Amino acid sequence: NPYPVSTYTCDGTRLAVRLMGEKASVSVDGAAAVELPATGQSGTTFSNGRQTLIIEQGQTSWAVGRAMPVACTGG
């Protein structure tokens, strides 16, 4: 697979993330992966309106709904 999987832990939530250019494929706690399209100009925020993955300066954050993003470890 040309898109390697990176794994993160975000406040107890486990993510398996594949970055695929204009979208990210994210599996939450082993569930089926969902595709999150890139939003904005920087290409570091991926969101489907409900789930948001943010990657800025090597730091990864995850948010669901209107909750504040939580920092993730791993990668």
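Because the structure is a prediction, the values reported are computed rather than measured.
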Given 3.5 Å as the limit, does a donor-acceptor pair link the side chain of Asp29 with the main chain of Arg14, or not?
yes
Got a list of side-chain donor-acceptor pairs under 3.5 Å for residues 62-74, not counting sequence neighbours?
| residue | atom | partner | partner atom | Å |
| --- | --- | --- | --- | --- |
| Thr73 | OG1 | Thr9 | O | 3.4 |

Residues that Ser25 engages under side chain to side chain donor-acceptor pair (under 3.5 Å), provided they are two or more places apart
none
Identify which one of Leu36, Leu53, Ile54 satisfies the side-chain contact (heavy atoms from CB on, under 4.5 Å) criterion when paired with Thr45.
Ile54
Nearest heavy atoms of Glu35 and Asn48, plus distance in Å
O-CB, 4.4 Å
Could you walk me through whether Phe46 and Val17 pass the side chain to side chain contact (heavy atoms under 4.5 Å, CB included) check?
CA-CA 11 Å; Phe46 302 88; Val17 177; over 6 Å; no
Heavy-atom closest pair (Ser27 atom, Ala31 atom, distance to 0.1 Å) is OG-O, 2.5 Å
Looking at every non-hydrogen atom in both residues, tell me the closest pair between Ala16 and Val5 and how far apart they are.
CB-CG1, 3.8 Å
Can a donor-acceptor pair be found, under 3.5 Å and without considering hydrogens, that links the side chain of Arg18 to the backbone of Tyr3?
yes
Minimum heavy-atom distance between Val28 and Gln51, given as atom pair plus value:
CG2-NE2, 4.0 Å
